[in-house]
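Have a look at the structure below, then the notes.
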2 protein chains.
Amino acid sequence: MSRFRWTDAQDVGHRILRGNPDEAVTAPVTRPAIRTGERADRIARRRVDKFEERRRELGDAALQTLSELGYARTSLREIAQNSGFSHGVLHYYFHDKVDLITYCVRRYKAVCVQRYDDVVTTAGTAVQLAAEFAGAMATTLVDDAVLHRLWYDLRSQSLFEESFRADVAEIDASLERMISRVVSRYAELTGTPPVCGTTLAYAMFDGMFQQSLLRQLSGDPAAPADLRAGVVDMLAIVTGRAHP
Amino acid sequence: MSRFRWTDAQDVGHRILRGNPDEAVTAPVTRPAIRTGERADRIARRRVDKFEERRRELGDAALQTLSELGYARTSLREIAQNSGFSHGVLHYYFHDKVDLITYCVRRYKAVCVQRYDDVVTTAGTAVQLAAEFAGAMATTLVDDAVLHRLWYDLRSQSLFEESFRADVAEIDASLERMISRVVSRYAELTGTPPVCGTTLAYAMFDGMFQQSLLRQLSGDPAAPADLRAGVVDMLAIVTGRAHP
DNA sequence: AAGGATTTTGGACGAGTGTCAAGATTTCGT
DNA sequence: ACGAAATCTTGACACTCGTCCAAAATCCTT
């Protein structure tokens, strides 16, 4: 019975159990228990892999749909259509809509930090670091505009929907660490320590990026260049090296 | 015929004409045209006032509902319920849902700038100005949290829904001017000119406020105090007076 | 190749949505 | 106080939504 794969342990991190756990224990006795256990383990692992793979696939389809339409206008049917499957399959791989969206937020983080990891430069001088970091920011502003738009949408949703808050906070923290690394390295290279804490620094960069995104999506052609200049300025300001 | 009060001129700023404009011109000829015209004008003005008054009333109800539930979860019936009227009346006073939301965004601006106008202080010293401004920020963070939450929600929506963009941009500009006034005055009092443009300064304050709001709504009791301190720091940073 | 488990489909469901129109009610100039 | 115009209610409409389920299709072990 029951294609219901969801345990009550979903709050412990979306642990997935195939079928009824009791059944696995009550395996057929026609073979030595040890060998059967090994085989069952191998098979189970393969199945879990396939299961996770499809989850990722559907999650990516959802991510694409969300970034196109925004949270308020995205329906499960639309997501399914973007995935090539029928709408019913979503409830086979995800508990419900909140489960799917939460999974997407987590997945977004993976995509996001990966992109930003490329930004962690190996620049030798402060000027070089500033230029590379600003360039990466401007590039992602253009290339991943719809993804960033989704991020700000979901972060706003988390102000209303408590279920999202933990994941959103985690992503925010990870972005803050990224900014912190850049600022620290920059300060190290210039020899002038930062004039504010990492939280404040992140808030400043985030606010600037958000403003740039609004302009970029509104079709302002100067948005990327202005962001690039803004980032350079901001690095100087944050290390107290700015001149009026 | 036709309770349809909407002209095609709604894009010129929601100009409202009562009934069919042609009918007004074809007024009864049993009286001198001039007297009839004056009287009609007086009556029309009164009616328009009443109409506008109810619009404001419904708009406020919508604003309250939106700030409670967020854009994605707010329905016209819920708004009507919060207003004490039936759901049908909304289409008597507003063209459609977008019209209503747009009206709300504009109305939010009125509420918002009014609150911030109180913030425009008459402080005599830089320290006093910083303290008062920071205090006002911290206060509104607590008192108007749900309203600010709505603002960030709607600003995110404007990234998807183009209809909102113009109004959102206008509010953003007005907030930027507010920040600009404070920073300019502060710089004037300290004698140290700002180290960045008003756009960058606004982005920084906005980012900080947004981060504080997230923490405030998550129940972090230190959020207001941290914002207060952050604002003071930020004023110093922005005028290049910060020390590591 | 068979047969059981897994995966996928597509339809049904009830609730909720925005919109509209016809009728009841109220307002207000005469 | 009358009657027309303005205002408000009510119910209906055509959708869309998330969710669930039985059956079909597919996979995979034996």
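Protein chains get the first letters and strands the later ones, always in sequence-line order, with residue 1 at the start of each.
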Any side-chain N or O of [X] below 4.0 angstrom from OP1/OP2 of [N]?
{"X": "A/S75", "N": "D/dC17", "result": "yes"}
{"X": "B/K50", "N": "C/dC28", "result": "yes"}
{"X": "B/H91", "N": "C/dT19", "result": "yes"}

Hey, are [X] and [Y] close enough for a salt bridge, meaning a charged N less than 4.0 Å from a carboxylate O?
{"X": "A/R55", "Y": "A/E52", "answer": "yes"}
{"X": "A/K109", "Y": "A/D167", "answer": "no"}
{"X": "A/E78", "Y": "A/R73", "answer": "no"}

Using whole Å, report how far [atom1] of [X] lies from [atom2] of [N].
{"X": "A/D99", "N": "D/dG18", "atom1": "CG", "atom2": "P", "value": "14 Å"}
{"X": "B/R77", "N": "D/dT9", "atom1": "CZ", "atom2": "P", "value": "14 Å"}
{"X": "A/L76", "N": "D/dC17", "atom1": "CG", "atom2": "C1'", "value": "8 Å"}
{"X": "B/Y93", "N": "D/dA6", "atom1": "OH", "atom2": "P", "value": "12 Å"}
{"X": "B/D49", "N": "C/dC28", "atom1": "CG", "atom2": "C1'", "value": "16 Å"}
{"X": "B/Q81", "N": "C/dT17", "atom1": "CD", "atom2": "P", "value": "10 Å"}
{"X": "A/F51", "N": "C/dT7", "atom1": "CZ", "atom2": "C1'", "value": "10 Å"}
{"X": "A/D96", "N": "D/dC17", "atom1": "CG", "atom2": "C1'", "value": "14 Å"}

Which atom of B/E68 lies closest to which atom of A/F160, heavy atoms considered:
O-CD2, 3.9 Å
Hey, does A/F209 have a side-chain heavy atom less than 4.5 Å from the side chain of A/T140?
yes
B/H87 side-chain proximity, nearest of C/dG10, D/dA12, D/dT9
D/dA12
Can you tell which of C/dA12, D/dA6, D/dT9 lies closest to the side chain of B/Y92?
D/dA6
In terms of the nearest nucleotide of DNA chain D, which residue is placed more toward the 5' end: A/G88 or A/E78?
A/E78
